[in-house]
Amino acid sequence: MKKTSATEIHRFEVLEYVATVPTGKVTTYGRIAKDLLLPTPRLVGKILHTNPDSNTYPCHRVVFSDGKLAPSYAFGGAEIQRKKLIKEGVLFKKEKVDLKKCLY
DNA sequence: CTCTTGACCATGT
DNA sequence: AACATGGCCAAGA
């Protein structure tokens, strides 16, 4: 019998959700939390930080509600994340993602 | 069991 | 629009 914490289960849900975001689009932490009925958006970040693989689950497509990038991207930092998003075709406004067009 | 920290968000200045 | 503060809930020490 395994100790299944609430977030432990939601972890897969969040990762799956992120995996459904098409290339060139992004989503926000709050959006995920709301759709998956998480108690708080902070958990989304916590879960994503325990992300097993950025290649399997494009966690770089998750941004702040304002379009700002995460302060501590697990695979190199926000700058790496930004570069990846631009590379995938996501439009940027200064340091923020253009949610107006790229929000999934 | 208590305290601290954390990939956030909404509101106020 | 940018920066600072409070509140939210859970996991780790």
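Below, chain A is the first sequence line, B the second, and so on; all start at residue 1. Both backbone and side-chain heavy atoms feed into the values below; hydrogens, waters and symmetry mates do not. Computed from a predicted model, the values in this text were never measured in an experiment.
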(message) Any salt bridge linking A:Glu8 with A:Arg11? Criterion: basic side-chain nitrogen under 4.0 Å from a carboxylate oxygen.
(response)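 Salt bridge between A:Glu8 and A:Arg11, a charged N being under 4.0 Å from a carboxylate O: yes.
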Just the rounded figure in Å: distance from [atom2] of [N] to [atom1] of [X].
{"X": "A:His10", "N": "C:dA11", "atom1": "NE2", "atom2": "P", "result": "11 Å"}
{"X": "A:Ile9", "N": "C:dA10", "atom1": "CD1", "atom2": "P", "result": "13 Å"}
{"X": "A:Glu95", "N": "C:dA1", "atom1": "CD", "atom2": "C1'", "result": "15 Å"}

(request) Could you check A:Ile47, A:Leu37, A:Leu36 and say which one makes a side-chain contact (heavy atoms from CB on, under 4.5 Å) with A:Glu13? (result)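 The residue from A:Ile47, A:Leu37, A:Leu36 that satisfies side-chain contact (heavy atoms from CB on, under 4.5 Å) with A:Glu13 turns out to be A:Leu36.
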(message) In the structure I gave you, are the side-chain heavy atoms of A:Leu69 and A:Phe92 within less than 4.5 Å of one another anywhere?
(response)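 In short, these two side chains touch, coming nearer than 4.5 Å.
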(message) Counting C-beta onward and ignoring hydrogens, is there a side-chain heavy-atom pair between A:Ile86 and A:Leu91 closer than 4.5 Å?
(response)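 Of all side-chain heavy-atom pairs linking A:Leu91 with A:Ile86, none is under 4.5 Å.
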(message) Strictly under 4.0 angstrom, non-hydrogen atoms only: write out the protein contact profile of nucleotides 1-13 of chain B, one letter per nucleotide from the 5' end, B, S or -.
(response) -----BBBSS---
(message) As an exercise, state the distance from NZ of A:Lys46 to CG of A:Asn51, rounded to the nearest 0.5 Å.
(response)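 Answer rounded to 0.5 Å: 14.5 Å.
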(request) To the nearest 0.5 angstrom, please state how far the SG atom of A:Cys59 sits from the NZ atom of A:Lys84. (result)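 Going from SG on A:Cys59 over to NZ on A:Lys84, the span is 7.0 Å.
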(request) Using a heavy-atom cut-off of under 4.0 Å over every strand shown, decide if A:Lys96 touches base, sugar-phosphate, or nothing. (result)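 The residue A:Lys96 makes sugar-phosphate contact but no base contact.
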